[in-house]
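Okay, so here's the structure we're looking at.
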There are 2 protein chains.
Amino acid sequence: MTMNNAGGRRKPPTIHDVAREAGVSRGTVSRVLNGGHYVSPPALEAVNAAIRKTGYVVNRHARSLITGRSDSVGFLLTEPQERFFEDPNFNVLLRGCTQALAAHDIPLLLMLAGTEDERRRIKRFITAGHLDGVLLVTSHSADPVAEELHKAGVPVVQCGKPMRSGSKVSYVAADDRDGARDMVRHLLSLGRRRIGIVTGPLDSPGGVDRLAGYKEVLAEAGVGIDERLVVSGDYSRAAGEAGAERLLAQAPDLDAVFVASDLMALGALTALRRAGRRIPEDVAVGGFDDSIAATEATPPLTTIRQPYDRISAEMVRVLLAQLGGEDPAAVILPTELVRREST
Amino acid sequence: MTMNNAGGRRKPPTIHDVAREAGVSRGTVSRVLNGGHYVSPPALEAVNAAIRKTGYVVNRHARSLITGRSDSVGFLLTEPQERFFEDPNFNVLLRGCTQALAAHDIPLLLMLAGTEDERRRIKRFITAGHLDGVLLVTSHSADPVAEELHKAGVPVVQCGKPMRSGSKVSYVAADDRDGARDMVRHLLSLGRRRIGIVTGPLDSPGGVDRLAGYKEVLAEAGVGIDERLVVSGDYSRAAGEAGAERLLAQAPDLDAVFVASDLMALGALTALRRAGRRIPEDVAVGGFDDSIAATEATPPLTTIRQPYDRISAEMVRVLLAQLGGEDPAAVILPTELVRREST
DNA sequence: CTGAAAGCGCTTACAG
DNA sequence: CTGAAAGCGCTTACAG
């Protein structure tokens, strides 16, 4: 007589129920659950049938208690909260990672650490062993959390190159420098010569590399670097607007701007338009990311596509490999110029 | 001699280590951990000191195994993936819930179920008891997942009113009807009489209620309902654009539009502007949500503010109350008209 | 108030 | 290939 207490939460079947149903020991059931090695075909079949019949699902807590693994990973965003909403890139990354993990049946724990306080609490949580590994996203990559977790023995994969070289932390990044080079070459090919730049944060390798690409190509083309054409930003829309204003003031003759993120480019468009510049006739504008912001801009932005889908997939792949015992790894993914109406 | 294996992951201290350090039994340590009842002051002090000294953190898996609770909750978004990125409201909700839970030290598991397949897998995961409860966000609230989870005995709190009345599922929602009424009254007060509406999805109570509010106020004001002024959308930007186009075709003399979401209003602005209408001189445009889309629109949108911070906080509060044994509850939060330049 | 003991559901050597 | 047994780190009645 089965105690099928409908309503309320029924007590789920355990490995013991499955064993009884299949006429084998609990050890054998466990072996089936863990890959089916050293199990005879008939036993395997009986267990699988019993699992189906009982609707058995492994109790992760019991498993974790003994294996020491939690079979879950954290997605840690150390970013002021506002930025998380404003910047569509975070979303894309979060979605991609969630899905890639779901394919492995691994739940993702979302952790938002915008303040120092939150970071402390979260580090405590993570180092307590509640997570097998961490996917880390941050734009001001000067912050030491990756290094700290790594030192505490927690597998980490960072999105974007870490600031301190010599770090052994895994990361996945787009080829920022190469992307920037493509964009500036494109602008030059359009005949533009007074090309400004609104950089990303210069305490992050991404910001630095995009600026480096810009300077290299101009130098190679024999176009000198005019420091009045270089202003820095922080990837936010507001910074793009302020940056473009500064450029207009310092170098009113500019005929193109490479803005180091699409979101900043949105702000730059606003400022340029307010100043009466036509896009792209008077000033060509190039972005970076190919986020939703690029297609929604007026006019739609020519930009450098970061392969976010691949980035998140690779982050998960590298992390899982590390959990499987492999060494940390660095992955650099190629970018691509996407031509739209802003250039 | 402490085995302090730096590098690698050290084996964390257990309750046993704490007990030894404090000179008490493991039971006493556990009692301290669980509220400190039935523990003498000296014992309590000794245990707390031992906890600090050893850096003890409870092993959640061991605890969960015995308590049957996981001390974590899921945030389930049953929405096509694209919408998650496009619509800033989801972000705000996700952030709010994550933070409200973090304040209780409860991790949030993010679950994205855009496809039927994913929904199946996730339902399996949840009903297997891996989660204490679920915060559910969906806009096409016809979907039965809330009801299913509820029936399976899983505590659920939905964002937005569920479609089927008579449901005993908890929910938190803004007062959609009242918000719509405020907006239409505002438009009337501006002297507009040919007021169109682009509704939300009419298979969702939110969509239905906002339309109801619109009709009520017009009726009360003695302005008849012209069905040519009513078109339906699905909260997406594209739907807003298409909707406004349809309105312009069906009722070229319209002098205002109430668009049932800010994101749709963005699309509507595009269509109206393309048709040569000045905002707000020719056509006043009112949105709904007061999301980031409203402030970033050109011109910034007059809209109805949904108190998302309170909504997420209440969702968490209601869920935790349910975990504590309280009955399901419905919470309706007031909205507020925010006047900007689009009206 | 406190300790000893049972037990949560699983995995993993260890013998066969 | 398989079963019996130990044990993961906790909580919770149960006696005192």
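Here the structure is a predicted model, which is why all the values come from computation and not from measurement.
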- Using a heavy-atom cut-off of 4.0 Å to chain B, what are the terminal contacting nucleotides of DNA chain C, in 5' to 3' order? C:dC1 to C:dG9
- Message: Does anything in residues 20-30 of chain A form a salt bridge (Lys or Arg N to Asp or Glu O under 4.0 Å)? List the pairs, not counting sequence neighbours.
- Response: A:Asp17-A:Arg20, A:Glu21-A:Lys53
- Query: What pairs of residues pass the salt bridge (Lys or Arg N to Asp or Glu O under 4.0 Å) test when at least one of them lies in residues 58-69 of chain B, not counting sequence neighbours?
  - Reply: B:Arg69-B:Asp71
- A:Tyr56: partners by ring-ring contact (aromatic ring centres under 6.0 Å, His included), with sequence neighbours left out: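 Checked A:Tyr56 against ring-ring contact (aromatic ring centres under 6.0 Å, His included); zero matches.
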By the ring pair (Phe, Tyr, Trp, His ring centres under 6.0 Å) test, which pairs, at least two apart or in different chains, include something from [range]?
{"range": "residues 19-55 of chain A", "answer": "none"}
{"range": "residues 99-122 of chain A", "answer": "none"}
{"range": "residues 309-330 of chain B", "answer": "none"}

- Quick one: the dot-bracket string of DNA chain C, using Watson-Crick and G-U wobble pairs with both distances under 3.5 Å, [ ] for crossing pairs and | for bases paired to another strand. |||.||||||||.|||
- Could you list the residues that satisfy salt bridge (Lys or Arg N to Asp or Glu O under 4.0 Å) with A:Glu148, not counting sequence neighbours?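 For A:Glu148 the salt bridge (Lys or Arg N to Asp or Glu O under 4.0 Å) partners, ignoring immediate neighbours, are A:Lys123.
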- Sorted by chain and number, sequence neighbours left out, salt bridge (Lys or Arg N to Asp or Glu O under 4.0 Å) with B:Arg120 holds for B:Asp117
- Using a heavy-atom distance cut-off of less than 4.0 Å, which residues of residues 16-32 of chain B contact DNA chain D? B:Arg26, B:Gly27, B:Ser30, B:Arg31
- Message: Let me spell it out: for each of B:Leu65 and B:Pro42, pick the nucleotide of DNA chain C with the closest heavy atom. Which residue's pick is nearer the 5' end?
- Response: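 Looking at the nearest nucleotide for each, B:Pro42 comes out on the 5' side.
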- Do any pairs count as a side chain to side chain donor-acceptor pair (under 3.5 Å) and have a residue in residues 319-331 of chain A, sequence neighbours left out, and if so which ones? A:Ser170-A:Gln322
- Item | Side chain A:Glu314, main chain A:Arg310, donor-acceptor under 3.5 Å | no
